[in-house]
Amino acid sequence: MRLATWNVNSIRARVDRIVDFAVREHIDVLAMQEIKCKVDQFPFDRFEEAGFHVEAHGFSQWNGVAIASREPVTDVRTAFPGMPGFEKGHTGTDAPLEARALGATVGGVEVWSLYVPNGRSLGDPHFFYKLEWLEALREYVSGTLASQPDLPLALVGDFNIAPTDADNGDPAVVQGFSTHVSPPEREAFAALESAGLHDVVRPLVPSGYTYWDYKQLRFPRNQGMRIDFILGSHAVADAVAGAAIHRDERKGEAPSDHVPVVVDLDFDDADDDDRPMIF
DNA sequence: ATGCCTCACGAGGTGAGA
């Protein structure tokens with residue numbers, strides 16, 4: 001299975017480019033973030049013509065997540081248990097939920113397309129929302145892997161955290177002043193790893209960014225950040241056969257400010273085993 | 001050219017992004 005994640009920054013603004021990529025790169029499952037539309041505005045036809053089924057989750061022009069898959073998906077969920085909401089500075093499980101998580105099972109893998117809250121600025125109510133959201137996610141992962149330690153679980157998406165100093169090349173993002181690089185955010189990311197998730201791309205692609213701001217020549221100057229990740233449980237990590245960050249997708253006409261991150265998973269099951277069995 | 005920000009909403013700026 002070839003699994004990809006991409007913050008597309010509006011599906012309607014660049015659906016051709018996204019479907020072309022998925023077809024050209026033989027993507028089986030594409031998790032998208034920031035589709036920036038309601039479900040009834042999603043261009044399902046464009047994906048279906050290319051052989052994909054799509055699950056989409058969006059309430060408005062903000063946020064929005066989707067999963068396109070060549071095979072049918074099951075167990076679709078539009079939030080993980082305990083996910084907090086946000087409204088006018090108020091956060092918690094009693095606040096309205098935003099469209100930031102979509103879970104589905106495909107090919108035996110529980111995949112979540114995640115758009116972690118931005119945080120806006122240190123000390124902003126949105127910043128505390130971000131930390132609460134990440135803590136609820138960690139609790140879900142801990143509980144799930146405690147009861148099903150061998151579950152192939154993949155958390156993919158825009159985590160809005162640069163986990164190490166090497167993951168931030170944007171001079172406007174400064175330690176002590178900016179979101180994405182603050183100690184509590186990095187601790188929240190590390191806590192996901194402590195809960196049993198592994199960054200399955202970094203071992204194969206040790207450097208490189210996944211996002212460059214549109215402003216001030218950030219891409220030509222390569223002043224980006226690595227904030228988009230594919231995190232997998234041990235069953236996923238053990239199946240990794242390849243990985244790539246498609247930097248070229250930041251070039252050309254009307255790109256997203258993020259690029260796709262891709263991983264090849266080989267579970268060696270009967271589905272993709274067309275070799276003769278020799279005993 | 002990879003080039004000084006883009007998108008949605010809606011009809012003038014505003015909010016959000018990271």
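In this text, all values refer to a predicted model and were calculated from it rather than measured experimentally. A, B, ... follow the sequence lines: proteins, then strands. Residue 1 opens every chain.
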Under 4.5 Å side-chain linkage, directly or through intermediates, the cluster mates of Tyr214(A): none
Determine, for nucleotides 8-18 of chain B in 5'-to-3' order, which nucleotides have protein heavy atoms under 4.0 Å from the base (write B), from only the sugar-phosphate (write S), or from neither (write -). SS-----BSSB
N/O donor-acceptor pairs under 3.5 Å from side chains in residues 104-111 of chain A, not counting sequence neighbours:
residue: Glu110(A); atom: OE2; partner: Arg77(A); partner atom: NH2; Å: 3.4
residue: Glu110(A); atom: OE2; partner: Trp112(A); partner atom: NE1; Å: 2.8
residue: Glu110(A); atom: OE2; partner: Tyr140(A); partner atom: OH; Å: 2.6

Separation of dG3(B) atom P from Asn222(A) atom CG, nearest Å, is 14 Å
Looking only at the aromatic ring of each residue, does the gap between the centers of Trp133(A) and Phe86(A) stay below 6.0 angstrom? no
Taking the P atom in each of dT6(B) and dG10(B), what is the distance between them to the nearest angstrom? 22 Å
Between atom CG in Asp170(A) and atom C1' in dC5(B), what is the gap in whole Å? 13 Å
Rounding to a whole Å, what distance do you find between Glu253(A):CD and dC7(B):P? 10 Å
Please state the P separation for the pair dG13(B) and dA18(B) - nearest whole angstrom. 27 Å
Lys251(A) side chain: which of dG3(B), dT2(B), dT6(B) is closest? dT2(B)
Residue pairs passing the side-chain hydrogen bond (donor to acceptor under 3.5 Å, both in side chains) test where at least one lies in residues 48-62 of chain A, sequence neighbours excluded: His53(A)-Glu55(A)
Can you sort out the partners of Phe52(A) under side-chain contact (heavy atoms from CB on, under 4.5 Å), two or more places apart, ordered by chain and number? Ala22(A), Val23(A), Phe47(A), Ala50(A), Ala68(A), Arg70(A)
Residues 196-206 of chain A side chain polar contacts: donor-acceptor under 3.5 Å, at least two apart:
residue: Asp199(A); atom: OD1; partner: Val201(A); partner atom: N; Å: 3.0
residue: Asp199(A); atom: OD1; partner: Arg202(A); partner atom: N; Å: 3.1
residue: Arg202(A); atom: NH1; partner: Asp167(A); partner atom: OD1; Å: 3.0
residue: Arg202(A); atom: NH2; partner: Asp167(A); partner atom: OD1; Å: 3.3
residue: Arg202(A); atom: NH2; partner: Asp167(A); partner atom: OD2; Å: 2.9

If hydrophobic residues (ILVMFWY) are linked whenever their side-chain heavy atoms come closer than 4.5 Å, directly or via other members, who joins Leu217(A) in its cluster? none
Residue pairs involving residues 151-161 of chain A (criterion side-chain hydrogen bond (donor to acceptor under 3.5 Å, both in side chains); sequence neighbours excluded): Asn7(A)-Asp158(A), Asn160(A)-His180(A)
Specify the separation, in whole Å, of atom CZ of Arg221(A) and atom C1' of dT2(B). 12 Å
Nearest whole angstrom, please: distance from the P of dC4(B) to the CD of Gln216(A). 11 Å
Counting Watson-Crick and G-U wobble pairs whose two distances are both under 3.5 Å, find the runs of 3 or more in a row that involve DNA chain B. B:5-9 with B:13-17
Expressed in angstrom and rounded to an integer, what is the separation of Arg218(A) atom CZ from dC4(B) atom P? 13 Å
Do Tyr129(A) and Glu98(A) have side-chain atoms, one donor and one acceptor, less than 3.5 Å apart? yes
Using the P atom in both, what is the distance from dC4(B) to dC9(B), to the nearest Å? 25 Å
